[in-house]
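Comments concern the structure below.
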Amino acid sequence: MSEEILSLIKSGVQEKSTDQKAEKKATWLIFTIGSAADGHNQYAIPAESVKEILRDATVFPLPFVPPYVNGVLNRYGDPYVVVDSAVLEGKEAQNSFLFIVLSDESHTCLRITDVKDFFTASEKDVVHFAEEELSDFYDGTLNIDGQDVFVLNVQAVIEKVGKEIAAA
């Protein structure tokens, strides 16, 4: 009797672990850029790309940089380049003092308008762009409650900033 119960428990654990392996889940930070009321201003980045979210940091302007680079902010004695994603897309500059500090070694942060949510989604919820449709700054879309949210390619933004600052 106890052997049967033990085997049922083991088989249940194995089924559960194969189900979890089959469906990969990732957590995304959902945020807004700009103040569009139409709902088309929401974006997502993988949560593991986020080191910290800062509020009310002072941005020190820099000369001779592209218009989407607002300057640098001081984070614990280290300078971080502030990129305004709205200007990068050709929209109006943001007035917010909310920043996503990226977790890579680039010392870059994104100026955003608001943090909406942390959203856990399975791989099937992300629609990747085909090679022909690849955008400079987006990997695809993420379906959140029936609404498609652009997935920001953080590495592409960092590379663009690096190239343009080096060329200046």
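All values reported here derive from a predicted model rather than from experimental measurement. Values below: all heavy atoms of this structure, side chains included; hydrogens, waters and symmetry mates excluded. Along the sequence shown, the residues carry numbers beginning at 1.
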Between [X] and [Y], what is the shortest heavy-atom contact and its length?
X	Y	result
Ser85	Ile33	CB-CD1, 3.4 Å
Ser106	Asp104	OG-OD1, 2.8 Å
Asn74	Tyr76	OD1-N, 3.7 Å
Trp28	Ala44	CE3-CB, 4.1 Å

message: Please determine whether side-chain contact (heavy atoms from CB on, under 4.5 Å) holds for the pair Ile144 and Asp117, giving the CA-CA distance in whole Å, both sets of side-chain angles, and the decisive distance to 0.1 Å.
response: CA-CA 11 Å; Ile144 301 174; Asp117 198 4; over 6 Å; no
For the backbone of [Y] and the side chain of [X], can you confirm whether one donor and one acceptor N or O come within less than 3.5 Å of each other?
X	Y	answer
Thr27	Phe119	no
Asp139	Val151	no
Asp114	Lys116	no
Asn70	Pro61	no
Thr141	Asp148	no
Gln94	Arg111	yes
Gln42	Phe31	no

[X] versus [Y]: any side-chain heavy-atom pair under 4.5 Å?
X	Y	result
Leu110	Leu152	yes
Tyr68	Val161	yes
Leu73	Leu54	yes
Asn41	Thr113	no

- request: Applying side-chain contact (heavy atoms from CB on, under 4.5 Å), run through Leu88 and Lys160 and close with a yes or a no.
  value: CA-CA 10 Å; Leu88 192 62; Lys160 178 176 177 70; 3.7 Å; yes
query: Do Lys51 and Tyr80 get their side chains close enough for a donor-acceptor pair, meaning under 3.5 Å?
result: yes
task: Kindly determine whether Arg75 and Phe99 satisfy side-chain contact (heavy atoms from CB on, under 4.5 Å), including the steps that lead there.
output: CA-CA 11 Å; Arg75 182 182 172 274; Phe99 308 92; over 6 Å; no
query: Taking atom CG of Leu29 and atom CD1 of Ile45, what is their separation to the nearest 0.5 Å?
result: 5.5 Å
message: Which residue is it: Asn143, Val149, Leu142? I am looking for the one with a side chain to side chain contact (heavy atoms under 4.5 Å, CB included) to Val126.
response: Leu142
query: Going only through I, L, V, M, F, W and Y residues with side-chain contacts under 4.5 Å, is there a path from Val83 to Leu98?
result: yes
